[in-house]
Amino acid sequence: MVAETPASSRLLVPRTADRKHGSPFRSENVMGLLFVSPSIFLFLIFVLLPAILALVLSFTNYDILTPIEFVGFRNYERLLRDTLFFTSLRNVAQYVVLFVPLMIALSLGLALLLNRDVPGVRLFRILFYIPVITSPIAAATIWTMMLHKDFGLINRGLALIGIDGPTWLFDPDYILLAIVLVTLWQGVGSNTVLYLAGLQGIPRYLYEAAILDGAGRWQLFRFVVFPSLRTTTFFVLTLSLTGAFQLFDQAYALTGTGVGNSTRTPIFHIWETGFNRLRMGYASSMAFVLFLLIFAITLINLQLNRRQAEELG
């Protein structure tokens with residue numbers, strides 16, 4: 001004869017048999033859907049729907065003032081002959097080559113420094129994050145004054161050590177470096193926070209086991225820290241790449257299009273074509289091509305990260 005479970009004990013036993021595990025009407029699933037529904041609604045209205053409309057407009061000739069005219073692939077054929085668009089892609093590619101490696105190295109280095117338990121470290125974490133919440137236009141305006149050739153703080157500091165500072169915002173050899181400097185200053189704080197969270201999530205026993213095996217600081221970083229931050233690095237790399245290809249605010253506020261279109265970016269070219277020249281259909285085709293380019297780079301990055309994970313695991 002099977003003894004009955006006391007009432008007090010039955011209260012501690014989950015009643016899984018009363019509900020289906022995969023049912024979408026479970027209270028937990030319903031509450032979860034309620035919580036994420038505002039974000040889903042905003043995504044559908046302000047991201048997905050405009051993207052679909054932009055794709056449709058890319059096959060039309062639309063200038064806001066006249067009725068929409070369907071032109072097929074004529075905008076994409078014209079895009080292949082648009083030298084300014086390819087110039088903007090070349091400029092942003094050069095920017096990516098400089099910006100992304102420096103962003104990863106600086107944010108990881110700052111995270112390692114800010115991960116120490118020393119007095120005042122929380123204050124420094126706040127100070128490094130403040131530029132993130134600064135308006136890009138306001139930050140670019142301040143940096144325009146700081147990068148002035150004669151009166152700027154940067155060149156005055158270089159003069160103290162005997163270096164004649166360049167004309168940062170008008171010299172083609174330095175103008176891209178100036179944009180990289182400003183965007184790094186404003187963006188490194190957010191990625192530092194991501195790396196800091198990753199560092200604090202590494203189990204302590206991994207450090208202890210490595211130290212017992214005689215690992216030094218470099219060996220700890222190489223065999224414990226960096227492999228543990230692989231997922232974080234992939235996330236930071238993806239955000240940095242997608243953000244770099246969408247560069248607009250800082251470059252436009254600092255230099256406009258630069259000397260000889262040296263700092264013209266794809267987003268600026270799309271904005272100028274759509275809103276200044278009122279060629280909405282052609283601007284939409286450029287926006288869709290840029291989306292495909294960013295999507296392809298993200299997929300390649302994902303595949304490389306997955307292959308590396310399989311080799312390590």
Side-chain angles (χ1 to χ4, degrees), residues 33 35-97 99-100 136-137 179 183 187 190 234-253 256-258 261 263-306:
L33 288 174
F35 276 113
V36 301
S37 57
S39 298
I40 294 176
F41 176 77
L42 293 175
F43 173 80
L44 293 176
I45 298 300
F46 294 103
V47 178
L48 185 60
L49 182 59
I52 295 174
L53 293 177
L55 176 59
V56 174
L57 283 178
S58 68
F59 298 102
T60 66
N61 183 18
Y62 179 52
D63 60 2
I64 300 178
L65 304 176
T66 59
I68 296 177
E69 176 189 2
F70 182 77
V71 295
F73 290 92
R74 194 180 304 170
N75 286 328
Y76 293 96
E77 294 174 358
R78 180 182 176 182
L79 185 59
L80 296 176
R81 301 187 299 270
D82 191 342
T83 56
L84 277 180
F85 182 68
F86 285 100
T87 298
S88 67
L89 289 179
R90 183 194 63 198
N91 293 338
V92 82
Q94 294 174 348
Y95 170 77
V96 166
V97 171
F99 172 78
V100 174
I137 300 300
I179 296 175
T183 50
S190 58
F234 165 72
F235 186 62
V236 171
L237 177 60
T238 302
L239 290 180
S240 300
L241 283 171
T242 55
F245 275 95
Q246 299 176 67
L247 174 67
F248 173 69
D249 296 346
Q250 295 92 339
Y252 179 65
T257 59
N261 291 309
T263 58
R264 176 180 288 269
T265 64
I267 297 296
F268 174 82
H269 191 51
I270 293 170
W271 171 79
E272 184 183 48
T273 302
F275 292 95
N276 285 1
R277 303 177 184 175
L278 296 182
R279 297 174 180 174
M280 291 296 180
Y282 185 48
S284 297
S285 66
M286 287 190 288
F288 190 68
V289 168
L290 182 61
F291 161 74
L292 291 178
L293 179 61
I294 295 174
F295 184 69
I297 292 174
T298 304
L299 281 183
I300 294 172
N301 187 26
L302 179 62
Q303 290 298 325
L304 292 176
N305 181 73
R306 184 176 300 172

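Bear in mind that the values here come from a model prediction, so they are computed numbers and not experimental data.
Looking at Asn91, its side chain does come within 3.5 Å of a backbone N or O of Asn261 through a donor-acceptor pair. For Ser285 (side chain) and Tyr282 (main-chain N/O), a donor-acceptor pair under 3.5 Å exists by modelled atom type. The backbone N or O of His269 sits nowhere less than 3.5 Å from a side-chain atom of Ser88 that would complete a donor-acceptor pair. No donor-acceptor pair closer than 3.5 Å links the side chain of Ser240 to the backbone N or O of Leu237. The backbone N or O of Asn61 sits nowhere less than 3.5 Å from a side-chain atom of Asn75 that would complete a donor-acceptor pair.
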Practice task
Walk me through it: do Leu247 and Val96 pass the test side chain to side chain contact (heavy atoms under 4.5 Å, CB included)?
Solution key: CA-CA 10 Å; Leu247 174 67; Val96 166; over 6 Å; no

Handout entry: Stepwise ring-ring contact (aromatic ring centres under 6.0 Å, His included) check, Phe59 with Tyr76
Key = CA-CA 8 Å; Phe59 298 102; Tyr76 293 96; 5.6 Å; yes

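Around the CZ atom of Phe85, the shell of radius 6.0 Å holds more than 12 heavy atoms that belong to other residues, nucleotides or ligands.
If you check the side chains of Thr265 and Tyr95, you find no donor sitting under 3.5 Å from an acceptor.
Considering only heavy atoms from C-beta on, Ile64 comes within 4.5 Å of Met280 through its side chain. Taking the side chain as every heavy atom from C-beta outward, Leu55 and Ser58 approach each other to under 4.5 Å. The shortest distance between side-chain heavy atoms of Thr238 and Asn305 does not fall below 4.5 Å.
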